Amino acid sequence: RYTSGGSFRPHTDKYALTLNVLLKAKYPLGLDDGVSSFEGGGTAFWAEDRDQTCPAGCCCNLHETPTLLLEPVGEGTAVLFNGTVQHAGAEVTSGVRHLLVASLSIVKTQQVM
């Protein structure tokens with residue numbers, strides 16, 4: 001849940017897959033009538049092949065513009081991506097954005113005989 005001013009700093013999840021699902025539509029009535037449950041938000045991504053050094057000497061991308069910003073608006077809209085890609089939760093500027101986040105790894109198991 002992201003409330004007004006809420007965001008998540010750039011990071012990687014260290015898992016094989018990450019799934020983000022928007023739980024509440026931006027426009028609850030199904031119409032872009034100017035009445036929204038939240039403004040802002042979304043998931044920002046940075047290209048994997050860029051120079052990852054930060055001019056401020058930190059380990060984040062606060063000084064770089066994201067390569068891509070996805071801003072789903074429909075309830076149930078999902079984004080599935082490689083969890084090792086650097087990403088961030090963009091700031092919600094008003095309202096409340098409800099999001100389900102799951103990080104998954106694939107583990108090979110032994111067969112039971």
Side-chain angles (χ1 to χ4, degrees):
R1 179 175 105 143
Y2 291 86
T3 57
S4 183
S7 63
F8 206 89
R9 295 179 75 128
H11 65 283
T12 58
D13 294 327
K14 310 292 188 242
Y15 290 94
L17 295 172
T18 297
L19 174 69
N20 292 351
V21 182
L22 188 61
L23 297 178
K24 184 175 180 184
K26 183 170 186 173
Y27 301 103
L29 301 177
L31 304 170
D32 184 355
D33 59 2
V35 178
S36 63
S37 56
F38 65 89
E39 293 295 329
T43 305
F45 296 91
W46 285 266
E48 290 184 274
D49 60 351
R50 74 189 195 304
D51 177 10
Q52 296 189 25
T53 59
C54 178
C58 60
C59 58
C60 63
N61 294 85
L62 296 175
H63 310 285
E64 290 182 29
T65 301
T67 306
L68 174 68
L69 175 62
L70 295 179
E71 300 177 90
V73 296
E75 184 175 311
T77 303
V79 178
L80 179 68
F81 57 93
N82 181 335
T84 62
V85 172
Q86 192 157 38
H87 59 284
E91 181 179 352
V92 171
T93 55
S94 69
V96 179
R97 182 174 183 249
H98 294 270
L99 187 71
L100 168 72
V101 178
S103 295
L104 312 163
S105 284
I106 301 168
V107 177
K108 187 174 181 176
T109 60
Q110 294 179 343
Q111 275 190 328
V112 177
M113 301 268 184

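What you are looking at is a predicted structure, and each value in this text was computed from that prediction instead of being measured.
Of all heavy-atom pairs between Arg9 and His11, the closest is O-ND1, 2.8 Å. Residue Tyr15 comes nearest to Ser105 through the heavy atom pair CD2-OG, 3.0 Å, listed as atom of the first residue, atom of the second, then distance. Of all non-hydrogen atoms in Val92 and Thr3, the two that sit nearest each other are CB-O, 3.7 Å. Annotation for Pro72 and Phe38: closest pair O-CZ, 4.4 Å, computed over non-hydrogen atoms. For Ser7 against Gly89, the heavy-atom pair with the smallest separation is CB-O, 3.3 Å. Annotation for Ala88 and Phe8: closest pair CB-O, 3.2 Å, computed over non-hydrogen atoms.
Leu17 and Val79 sit in two unconnected hydrophobic clusters of ILVMFWY residues. Membership requires side-chain heavy atoms under 4.5 Å apart, directly or through other members. Val101 and Leu19 are assigned to two separate hydrophobic clusters, defined by single-linkage of ILVMFWY side chains at heavy-atom distances under 4.5 Å.
Remark: Gln86 CD to Asp13 CG distance equals 10.5 Å, nearest 0.5 Å. From Leu70, atom CG reaches atom CG of Leu22 across 12.0 Å, with rounding to the nearest 0.5 Å. Atom CG of Asn20 and atom OG1 of Thr77 lie 11.5 Å apart (nearest 0.5 Å). Note that OG1 of Thr84 is 8.0 Å distant from NZ of Lys14, once rounded to the nearest 0.5 Å. Between Arg1 atom CZ and Arg97 atom CZ the span is 14.0 Å, to the nearest 0.5 Å. Interatomic distance, OG1 of Thr18 versus CG of Leu80, reported as 8.0 Å (0.5 Å rounding).
One N or O on the side chain of Ser4 and one on the backbone of Thr93 form a donor-acceptor pair closer than 3.5 Å.
Relative ring orientation between Phe45 and Phe81 is described as perpendicular, the plane-to-plane angle rising above 60° on a 0-90° scale split at 30° and 60°.
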Is there a side chain to side chain contact (heavy atoms under 4.5 Å, CB included) between Lys26 and Glu39 once you walk through the steps?
CA-CA 8 Å; Lys26 183 170 186 173; Glu39 293 295 329; 3.6 Å; yes
